[in-house]
Amino acid sequence: THDRDGEIWLDGQWLPWREAKVHVLTHTLHYGGGVFEGLRAYYGQQGTAIFRLQEHTDRLFRSAHIMGMRIPYDKDTLGRIQCEAVFRNRLDSAYIRPMCFYGAEGMGLRADNLKVHVMVAAWEWGAYLGSEALEQGIRVRTSSFTRNHVNSLMCKAKANGNYVNSMLALQEALDCGYDEALLLDHEGYAAEGSGENLFIVRGGKLYTPDLTSVLEGITRDTVMTIARELGIEVIEKRITRDEVYVADEAFFTGTAAEITPIRELDGRTIGSGRRGPVTERLQSLYFDYVHGRRTDHPEWLTPVTPE
Ligand SMILES: Cc1[nH+]cc(COP(=O)(O)O)c(CN[C@@H](CCC(=O)O)C(=O)O)c1O
């Protein structure tokens, strides 16, 4: 992805893609103390619009607040820059990555003497887990790596360093021939995927793990809202891995993953072994909303071209 055309915003300037570089002694490159977001812009009825831009930008600032990092721009500015990253790169649909990171102004672990840099990039990104995954579902393995402990890393912050845990879990799953990993928390309850939140369906009800050690997913919130508006009861509770085994349906949610059915966990087929009816209904509605085909949540879409 380093060799592309287009422009990336860095510290207030738009740079040619290939020139958006940092020094090898950049603090966050060594220690992972940055925060970031992942958003999607979709082409729909009103042209290209970013899905839940405000919520993602709010979370970026919450992540920085948790990490004690001061972002040197305000939310409106970064909201505008994220829109600009899409239309400036002439993208009809896009994945948008803002990231705040500590620079190379000094070494040593402390960061209070370093400058906070901000970059915003956008690119075309298709189905995160493969186009057939959205319909066929994926095969998942329970990870041998425990999800970050809530007092070792800050799970409500989307912090760069939190993703070493995710990388280890995903690579292990891939090496074992699976598509994704399910991480358990330190007490052995299901937490989330390496980059997704987890949902299961049982007896017509929708369950998802309590937030505790998981990221407060925006897609998770969207799905809970859509389900409740359908009259489906949504329960947040502790979920064990064998409750997933015996679920009628299971799926992951995330900005990149969207709504990806889980057809098997640890060799146990889940339900019919393919996308279930509740999953399909929620997925279909989700795509209606992100493409502007349903307009009863107008606050969820921000057109990237202001006029
Ligand atoms: C650990 C984790 N948990 C849950 C989610 C779902 O959150 P939300 O996108 O707000 O619904 C994500 C997003 N993972 C992002 C990063 C993926 C990546 O490869 O990087 C994403 O989906 O954009 C996570 O990284």
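Start at 1 and go down the list; that is how both ligands and their atoms are numbered. Just so it is clear, the structure is predicted and the values come from calculations on it, not from any experiment. Here, residue 1 is the first one in the sequence, and each next residue gets the next number.
Scanning the protein heavy atoms around atom 25 (O) of ligand 1, the nearest turns out to be Y163 OH, 2.7 Å. Nearest protein heavy-atom contact of atom 11 (O) of ligand 1 is T219 OG1, 2.7 Å. What sits closest to atom 9 (O) of ligand 1 on the protein, heavy atoms only, is T255 OG1, 2.7 Å. Among all non-hydrogen protein atoms, the one lying nearest atom 17 (C) of ligand 1 is Y128 OH, 3.7 Å. The protein atom (non-hydrogen) at minimum distance from atom 7 (O) of ligand 1 is G217 CA, 3.5 Å. Ranking protein heavy atoms by distance to atom 23 (O) of ligand 1, first place goes to Y95 OH, 2.5 Å. Protein heavy atom closest to atom 15 (C) of ligand 1, with residue, atom name and distance, is K158 NZ, 3.2 Å. Nearest protein heavy-atom contact of atom 8 (P) of ligand 1 is I218 N, 3.5 Å.
Residue A256 has at least one heavy-atom neighbour below 4.0 Å for each of these atoms of ligand 1: 21 (C), 22 (O), 23 (O). For ligand 1, the atoms closer than 4.0 angstrom to any heavy atom of T253 are 6 (C). Ligand 1 places these atoms under 4.0 Å from at least one heavy atom of E192: 1 (C), 2 (C), 3 (N), 4 (C). Counting atoms of ligand 1 from 1 in the listed order, those under 4.0 Å from a heavy atom of G38 are 23 (O). Close approach of ligand 1 to S194 (heavy-atom distance below 4.0 Å) involves ligand atoms 1 (C).
Note that CD1 of I270 is 10.5 Å distant from CG of D248, once rounded to the nearest 0.5 Å. With rounding to the nearest 0.5 Å, the separation of OH in Y102 from CE in M69 is 4.0 Å.
At a heavy-atom cutoff of 4.0 Å, ligand 1 is contacted by the side chain of R97 but not by its backbone. Only backbone heavy atoms of E196 (N, CA, C or O) come within less than 4.0 Å of ligand 1; its side chain stays farther off.
Aromatic rings of Y163 and F36 (six-membered ring for Trp) have centroids within the 6.0 Å cut-off, being under it.
With a 6.0 Å radius and a threshold of 12 heavy atoms from other residues, nucleotides or ligands, Q13 has its CD atom at or below the threshold.
Of the candidates E55, E37, R147, it is R147 that places a heavy atom closest to atom 1 (C) of ligand 1. Evaluated by nearest non-hydrogen atom to atom 5 (C) of ligand 1, the leading choice among G195, A257, G254, S166 is G195. When the heavy atoms of L183, N197, L170 are ranked by distance to atom 4 (C) of ligand 1, first place goes to N197.
The pair R268-D242 does not meet the salt-bridge criterion, since no charged nitrogen lies less than 4.0 angstrom from a carboxylate oxygen. Salt bridge status for R141 with D179: absent, with no side-chain N to carboxylate O gap under 4.0 Å. Using a cutoff of 4.0 Å between basic side-chain nitrogens and carboxylate oxygens, E105 and K115 are not scored as salt-bridged.
In terms of polar-atom proximity, defined here as any N/O pair under 3.5 Å, W125 makes no such contact with ligand 1.
In this pair, W123 and Y95 present their aromatic rings tilted. The plane angle is within the 30 to 60° band.
Qualifying side chain to side chain contact (heavy atoms under 4.5 Å, CB included) partners for P261, counting only residues two or more places apart in sequence or in other chains: R275, T279, Q283. Listed by chain and number, the residues in a salt bridge (Lys or Arg N to Asp or Glu O under 4.0 Å) with D296 are R294 (sequence neighbours excluded).
Judged by distance alone, with hydrogens and angles left aside, the side-chain atoms of D185 form a donor-acceptor pair with the main-chain N or O of G188 at under 3.5 Å.
Contact between R228 and V234 at its shortest, heavy atoms only, is NH2-O, 3.5 Å.
For the ligand labelled ligand 1, residue E216 lies outside the 4.0 Å heavy-atom shell.
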